[in-house]
Protein chains: 2
Amino acid sequence: MNDSGEGAGQAAPARRKDARRNQQTLLDAAAAVFVTSGVDAPVRDIAARAGVGLGTIYRHFPTRADLIIAVYRHQVDACADAGSALLATSPSPHAALGQWINLFVDFLVTKHGLAAVLQADNAGFEALHAYFLDRLVPVCTELLEAAAVAGEIRPDIDAYELMRGVGNLCIGADSDPRYDARRMVELLIAGLRRPHH
Amino acid sequence: MNDSGEGAGQAAPARRKDARRNQQTLLDAAAAVFVTSGVDAPVRDIAARAGVGLGTIYRHFPTRADLIIAVYRHQVDACADAGSALLATSPSPHAALGQWINLFVDFLVTKHGLAAVLQADNAGFEALHAYFLDRLVPVCTELLEAAAVAGEIRPDIDAYELMRGVGNLCIGADSDPRYDARRMVELLIAGLRRPHH
DNA sequence: ATAGTTCCGGAACGAGGTTCCGCTTTGCTC
DNA sequence: GAGCAAAGCGGAACCTCGTTCCGGAACTAT
């Protein structure tokens with residue numbers, strides 16, 4: 001992928017070597033800190049772990065949200081890609097939808113605090129919210145439509161709404177042994193089955 | 001109800017008159033601020049609105065969470081009480097459950113930011129979390145059991161889990177016109193219907 | 001009125017995100 | 001290899017927000 005990630009750049013601006021290295025160091029440090037302290041870890045912790053100043057972090061990632069996006073971009077993309085694949089290989093669209101949702105839930109649940117930060121109203125995290133949705137809503141729409149066409153689910157479900165619902169259900173799933181987000185999501189998915197008769 | 005709310009007090013400790021008045025002023029100010037700025041409004045805003053210093057607020061409500069609890073205590077209690085009533089007057093336990101959940105959802109959705117703060121992992125808000133659950137889980141358990149006994153829903157649903165799921169679904173429901181928490185909760189409730197054979 | 005509490009106000013502290021700016025490193029040129 | 005401008009860097013400083021502290025003002029019982 002592009003290092004700068006912006007514009008329709010012809011000739012890459014050729015960033016300095018140290019800058020490039022720092023960016024990677026930061027990504028690694030952030031990933032490590034997120035695993036141990038959750039996505040809400042203070043920026044200072046990440047900077048310290050990377051052995052870098054605060055200014056450096058903000059030069060590369062203007063906002064905490066951008067750093068989070070960068071860390072998880074690959075996994076989100078992988079999840080999105082898995083959608084079409086599942087649809088192609090699953091026996092039924094409904095099964096594909098279920099498996100795909102499980103993928104998403106597993107992803108969220110294993111990232112301490114990520115789900116909580118996906119909320120649209122979380123000031124400063126609009127970019128995160130937008131990235132996840134831009135990437136996943138089209139896939140979800142595809143799966144929902146296939147299942148609806150197959151008559152397996154109600155046809156009036158909006159992918160955006162479902163994604164938000166699933167994301168919400170995953171909030172706090174870690175850190176509370178009494179709450180099993182997976183089970184709740186199963187109920188939600190069960191709820192959109194077309195009443196068979 | 002008791003003003004102090006603690007102990008099995010015989011003779012009221014007779015707080016000073018100004019203290020009592022300030023407590024009420026604060027409650028009113030907080031309620032007003034919560035309506036306009038949401039439950040996340042800075043403590044300073046509430047103090048200012050009440051025309052009172054910060055020390056005063058913390059004397060009466062040791063923590064932001066305590067203030068929130070105090071403001072909504074009545075409504076939570078009312079919701080809890082409505083549970084038994086609905087069960088007594090509804091045609092079926094399942095109908096009662098549905099109506100009761102709707103009551104709860106309406107309550108959460110109309111309180112900007114409340115649902116988001118109910119999370120167990122929200123540091124400092126354990127008291128809020130605990131109050132809501134202590135009050136509502138028993139009612140929910142009662143409704144679930146009645147519906148389960150009537151054979152209308154799956155018998156393996158835990159009230160705590162369901163309450164958390166519903167609460168989670170309500171997060172950010174205001175502030176996002178594209179997301180309708182009520183619809184998602186409906187799906188969830190639909191999902192716990194016993195698959196009729 | 002007076003002493004003894006109880007309360008009050010708001011400065012101050014700590015934590016976190018973000019901004020700013022003087023200094024360092026790098027990459028290019030001669 | 002030396003010189004220079006641009007690109008980067010570090011971390012002090014600023015802002016917001018919750019919470020704590022304490023000197024002084026406001027009650028109340030006597």
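Note on naming: letters A, B, ... go to the chains in the order of the sequence lines (proteins, then strands), and numbering restarts at 1 for each one.
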Please report the distance, rounded to the nearest Å, between [atom1] in [X] and [atom2] in [N].
{"X": "B/Leu26", "N": "C/dC7", "atom1": "CG", "atom2": "C1'", "value": "13 Å"}
{"X": "A/Ile57", "N": "C/dG17", "atom1": "CD1", "atom2": "P", "value": "10 Å"}
{"X": "A/Arg20", "N": "C/dT26", "atom1": "CZ", "atom2": "P", "value": "14 Å"}
{"X": "B/Leu54", "N": "D/dT16", "atom1": "CG", "atom2": "P", "value": "15 Å"}
{"X": "A/Arg21", "N": "C/dT24", "atom1": "CZ", "atom2": "P", "value": "18 Å"}

Main chain of [Y], side chain of [X]: is a donor-acceptor contact present, judged purely on distance under 3.5 Å?
{"X": "B/Trp100", "Y": "B/Leu87", "value": "no"}
{"X": "B/Tyr179", "Y": "B/Met184", "value": "no"}
{"X": "B/Ser92", "Y": "B/Ala95", "value": "yes"}
{"X": "A/Arg64", "Y": "A/Val39", "value": "yes"}

Assess the residue pair A/Arg73 and A/Arg135 against the criterion (side-chain contact (heavy atoms from CB on, under 4.5 Å)); give the C-alpha distance rounded to whole Å, side-chain angles, the decisive distance to 0.1 Å, and a yes or no. CA-CA 10 Å; A/Arg73 181 163 255 151; A/Arg135 215 66 188 69; over 6 Å; no

Starting at the 5' end of DNA chain D and moving along, which residue's nearest nucleotide shows up first, B/Asp40 or B/Arg59? B/Asp40

Think [X] has a side-chain N or O under 4.0 angstrom from the OP1 or OP2 of [N]?
{"X": "B/Thr63", "N": "D/dT19", "result": "yes"}
{"X": "B/Thr56", "N": "C/dG9", "result": "yes"}
{"X": "B/Asn22", "N": "C/dC8", "result": "yes"}
{"X": "B/His60", "N": "C/dC7", "result": "no"}

Nearest of [options] to any side-chain atom of [X]?
{"X": "B/Arg16", "options": "C/dG17, D/dC27, D/dG11", "result": "D/dC27"}
{"X": "A/Asp18", "options": "C/dA11, D/dC9, C/dT18", "result": "D/dC9"}
{"X": "A/Ala19", "options": "D/dG8, D/dG10, C/dC8", "result": "D/dG8"}
{"X": "B/Lys17", "options": "D/dA12, C/dT6, D/dT28", "result": "D/dT28"}

Any idea how A/Phe132 and A/Phe107 line up, ring-wise: parallel (<30°), tilted (30 to 60°), or perpendicular (>60°)? parallel

Within residues 42-52 of chain A, those residues having any heavy atom closer than 4.0 Å to DNA chain C are A/Pro42, A/Val43, A/Arg44

Looking only at heavy atoms, which two atoms of A/Asp45 and A/Val33 are closest? And how far apart? O-CG2, 4.4 Å

